[in-house]
Amino acid sequence: MKPEVLLMGPMYPPTMEALEQAFTLHKVAQAGDRGTFITSLADRVTAAATTSSRGMDLATMTMLPKLKLISHFGVGVDSVDVAAATERGIKVTNTPDVLTDDVADLALGLLLATVRRICAGDRYVRAGKWTAGSLPLTDTIQGKTLGIVGMGRIGRAIARRAEAFNLKIAYQGPNRKADVAYRYFADPVALAKEADFLVAACPGGEATRGLVSRAVLEALGPQGVFVNISRGSVADEPALVAALAEGRLGGAGLDVFAHEPRVPEALFEMDNVVLQPHVASATHPTRRAMGQLVVDNLAAFFAGKPLLTPYN
Ligand code: 8YV
C-alpha cells in the first residue's frame, strides 16, 4: 500500500507523475465539494502537498487533525499559515536553493529589459515602425546603484550578477548581514534614495506587506526602476501604478502581482513597464528540481527520516 497524500492543487506535470508513482494521491482539484472531500480523509491523511496558489490555511488544517507534514512546491510559503502549522506540530517544507539562479536571472532580465526598453524595441520592430525612424535613446544600467530589498539566497544571487553588470550594490533587510560587504540600510526609503534601481527579493507575507511603499517609490524617483520577483504583496500596487502613470517612477519590471493572475490594466499600455506572468522559477530543470524536493520531503516523512528542507 502506498502512503496517502492530499494534493491541494495541480503541480508541474512531471512532479504529478512522480507523486502518482510514490503515493496514493487525493486530488482536491477533482473533488466535488471541497469541504466534504477533505473531511472524508480526516482519519487517514497525515501529509499534504501544496503550491503557492493553493496554500494551506488554518481552516483546512482543522479539517485534518492527523496532518503532520505540508510539502510546499515553492520557496515562498506565504500562502501557508506556518504559525498555525507550527502550533499544531505540523512540519512545513519548501523548495529553496534549486530555484535561486533562475529567479536571479529573471530579475536581471527584467532590469535590463525595462531600462533598455527591450520589449518596447521588439514591439517597434514587429510593428514595422523602424523604417519610419529610430527609437528614442534609453538610460543605461552601467555604473548605477542597485538597491536590493532582502539579502537572502536570491538577493545574493542577484547581487553577484549585478556586479558583473558594473552595478554598485546596496541592500535593505531586517538585519545587516555580517558576511556581506555591500552598503546596508535599515530603512527602505533610505535605500531607495541611494539607489537608481530597486529590486524586491524578500519573502512575502505580513512582515513585508507594503514594504515598497508610496514613500519608497517616491524616493526611487522619476528615473528610478522597480523590479519585483518576490511577491506582489511586498509593493503597494495601487501606489506603484499611480507613480508610473504620473511619471513619478521611471519604470518597472514585474513578475509578481497583488492579485494574480489579475494585473492592473493601466500597466498594459506603458512602454516603461515589462510584465511577466510569475515565471521566475518556471524553467524545466528548476521546476523538476523543485518537484523532486516536494516528493523527497514526503518520502523522508513517511520513512521516518529527517526532512530535506524543513521551513519551521
Ligand atoms: C512558483 C515561487 O511560481 O518558489 C516560489 O516562491 O513563487 C515560484 O517558484 C510557485 O511557488 C509555484 O507554486
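Counting starts at 1 for both ligands and their atoms, following the listed order.
- Aromatic rings from Y184 and Y171 are positioned such that their centres are separated by under 6.0 Å.
- No side-chain donor from either of R287 and T15 sits under 3.5 Å from a side-chain acceptor of the other.
- Remark: F197 engages no residue in a ring pair (Phe, Tyr, Trp, His ring centres under 6.0 Å) (not counting sequence neighbours).
- The distance between the ring centers of F302 and F23 falls below 6.0 angstrom.
- Under the 4.0 Å criterion applied to side-chain N and carboxylate O atoms, K27 and E20 are assigned as salt-bridge partners.
- Taking the six-membered ring where the residue is Trp, the centroids of F257 and H278 are separated by 6.0 Å or more.
- Using a heavy-atom distance under 4.0 Å as the criterion, the protein contacts of ligand 1 are T51, S52, F73, G74, V75, G76, L99, R231, H278, S281, R287, M290.
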